[in-house]
Amino acid sequence: MKSIVRFSVSLEKQLLQEFDRHTRLEKYPTRSKAVVDLIREKLVRKEWEHGTEVAGTITLVYDHHGSKLMETLTCIQHDFHHIILASQHIHLDHNNCLEVVVVRGVPGEVKRLSDLLRATKGVKFANLSMATTGKIL
Ligand code: NI
């Protein structure tokens with residue numbers, strides 16, 4: 001089990017009031033949990049800039065009737081098979097599909113995969129959720 005340390009922080013009263021408002025709005029049980037999450041968010045952001053291994057999901061929405069769209073998306077994903085852990089395809093309605101691709105790998109490669117999928121003609125929405133393997137946290 002990780003040991004817990006306490007530390008104090010000096011900041012302007014107004015800033016702390018704003019932070020406490022944020023803490024309440026976001027339903028944090030304690031100020032500490034809110035601070036810890038901010039620190040972790042910052043570390044994960046740095047991991048995506050300078051780290052060696054990240055994890056995340058790429059969410060896509062597209063109309064599967066698009067000419068060669070499915071084939072293109074599949075070809076791209078095969079080129080990146082080594083960083084794709086899983087994918088799930090959901091038929092939202094007669095036309096629209098939602099696909100979630102779970103990835104783990106070098107940040108630059110994950111971003112490249114996300115960019116290629118997003119740029120594919122017919123993709124209506126693409127979002128890369130930059131998560132973490134959790135190892136540094
Ligand atoms: Ni579908």
Side-chain angles (χ1 to χ4, degrees):
M1 191 172 152
K2 290 178 179 172
S3 64
I4 303 293
V5 292
R6 285 179 186 274
F7 68 100
S8 61
V9 176
S10 304
L11 72 163
E12 292 164 17
K13 189 177 178 183
Q14 193 185 342
L15 188 58
L16 181 60
Q17 285 170 346
E18 273 305 306
F19 185 72
D20 283 343
R21 207 170 69 83
H22 152 83
T23 302
R24 280 193 305 276
L25 286 172
E26 303 268 319
K27 310 291 183 207
Y28 279 104
T30 62
R31 187 188 280 161
S32 286
K33 169 67 173 148
V35 170
V36 166
D37 273 13
L38 278 182
I39 293 170
R40 285 183 165 149
E41 265 179 50
K42 181 70 179 172
L43 292 175
V44 169
R45 237 179 287 148
K46 282 192 76 169
E47 205 176 18
W48 276 86
E49 287 165 19
H50 309 292
T52 54
E53 189 186 48
V54 291
T57 56
I58 302 166
T59 305
L60 304 170
V61 175
Y62 55 85
D63 182 335
H64 71 96
H65 292 109
S67 140
K68 291 204 171 186
L69 173 61
M70 299 279 292
E71 193 184 325
T72 304
L73 293 177
T74 302
C75 280
I76 294 169
Q77 290 187 50
H78 274 269
D79 287 344
F80 288 84
H81 68 88
H82 53 287
I83 62 168
I84 295 177
L85 300 174
S87 67
Q88 186 160 27
H89 182 115
I90 293 107
H91 311 303
L92 291 175
D93 58 31
H94 184 71
N95 301 314
N96 294 297
C97 306
L98 183 144
E99 199 164 315
V100 181
V101 183
V102 183
V103 290
R104 180 176 63 195
V106 178
E109 219 174 349
V110 173
K111 285 180 193 165
R112 174 101 181 110
L113 169 60
S114 176
D115 288 345
L116 287 169
L117 294 172
R118 175 184 291 116
T120 300
K121 191 180 170 195
V123 171
K124 295 177 175 182
F125 174 87
N127 173 257
L128 170 59
S129 172
M130 297 180 178
T132 174
T133 60
K135 289 176 189 168
I136 64 153
L137 306 177

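Everything numeric here is computed off the predicted structure, so don't read it as measured data.
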How would you list, by chain and number, every residue that makes a side-chain contact (heavy atoms from CB on, under 4.5 Å) with [X], sequence neighbours excluded?
{"X": "His89", "answer": "Tyr62, Met70, His91, Cys97, Glu99"}
{"X": "Leu85", "answer": "Val102, Arg104"}
{"X": "Leu98", "answer": "Thr59, Val61, Ile90, Leu92, Val100"}

Same hydrophobic cluster for [X] and [Y], using side-chain heavy-atom links shorter than 4.5 Å among ILVMFWY?
{"X": "Phe7", "Y": "Leu43", "answer": "no"}
{"X": "Val35", "Y": "Leu16", "answer": "no"}
{"X": "Val9", "Y": "Ile39", "answer": "no"}
{"X": "Tyr28", "Y": "Val36", "answer": "no"}

Any non-hydrogen side-chain atom of [X] less than 4.5 Å from a side-chain atom of [Y]?
{"X": "Asp63", "Y": "Leu69", "value": "no"}
{"X": "Thr120", "Y": "Leu116", "value": "no"}
{"X": "Val123", "Y": "Leu117", "value": "no"}

Next item on the list: Test side-chain contact (heavy atoms from CB on, under 4.5 Å) on Lys68 and Lys121 and set out the steps.
Entry: CA-CA 9 Å; Lys68 291 204 171 186; Lys121 191 180 170 195; over 6 Å; no
Next item on the list: Could you verify whether a donor N or O on one side chain and an acceptor N or O on the other, from Thr133 and Glu53, lie under 3.5 Å apart?
Entry: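 Result is no, nothing qualifies.
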Note to self: Classify the ring geometry of His22 against Phe19: parallel below 30°, tilted from 30° to 60°, perpendicular beyond 60°.
What the structure shows: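 Correct class here is tilted.
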Note to self: Please verify the inter-ring angle class for His65 with His94; under 30° counts as parallel, over 60° as perpendicular, anything in between as tilted.
What the structure shows: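 Rings of His65 and His94: tilted, as their planes differ by 30° to 60°.
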Margin query: Please determine whether a side-chain nitrogen of the Lys or Arg among Glu18 and Arg21 lies less than 4.0 Å from a carboxylate oxygen of the Asp or Glu.
Written below: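 Salt bridge present between Glu18 and Arg21.
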Check: Got a salt bridge between Arg112 and Asp115, using NZ or NE/NH1/NH2 to carboxylate O under 4.0 Å?
Finding: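 No.
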Any chance [atom1] of [X] has more than 12 other-residue heavy atoms, nucleotides or ligands included, within less than 6.0 Å?
{"X": "Gln88", "atom1": "CD", "answer": "no"}
{"X": "Gln14", "atom1": "CD", "answer": "no"}
{"X": "Lys46", "atom1": "NZ", "answer": "no"}

Gap separating the [atom1] atom of [X] from the [atom2] atom of [Y], nearest 0.5 angstrom:
{"X": "Thr132", "Y": "Arg45", "atom1": "OG1", "atom2": "CZ", "value": "13.0 Å"}
{"X": "Ile84", "Y": "His82", "atom1": "CD1", "atom2": "NE2", "value": "8.5 Å"}
{"X": "Ser114", "Y": "Leu60", "atom1": "OG", "atom2": "CG", "value": "7.5 Å"}

Note to self: Quick one: does any side-chain atom of Trp48 pair with a main-chain N or O of Ala131 as donor and acceptor, under 3.5 Å?
What the structure shows: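 Present.
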Notebook entry, point to check: For Val54 and Met130, what are the C-alpha separation, side-chain angles and deciding distance, and is it a side-chain contact (heavy atoms from CB on, under 4.5 Å)?
Noted result: CA-CA 8 Å; Val54 291; Met130 297 180 178; over 6 Å; no
Check: In the hydrophobic clustering that connects Ile, Leu, Val, Met, Phe, Trp and Tyr at side-chain heavy-atom distances below 4.5 Å, which members other than Leu25 occupy its cluster, ordered by chain and number?
Finding: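 Besides Leu25, the cluster holds no residue at all.
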Check: In the hydrophobic clustering (ILVMFWY, side-chain contacts below 4.5 Å, transitive), which residues join Val5, or is it alone?
Finding: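 Other cluster members: none.
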Checklist line | Stepwise side-chain contact (heavy atoms from CB on, under 4.5 Å) check, Leu113 with Asp79 | finding: CA-CA 9 Å; Leu113 169 60; Asp79 287 344; over 6 Å; no
Item checked: salt bridge (Lys or Arg N to Asp or Glu O under 4.0 Å) partners of residues 22-38, not counting sequence neighbours, each pair once ->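 Listed by first then second residue: Asp20-Arg31, Lys33-Asp37.
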Next item on the list: Please report the closest heavy-atom contact between Pro107 and Glu47, naming both atoms and the distance.
Entry: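 In terms of heavy atoms, the two residues are closest at CG-O, 3.7 Å.
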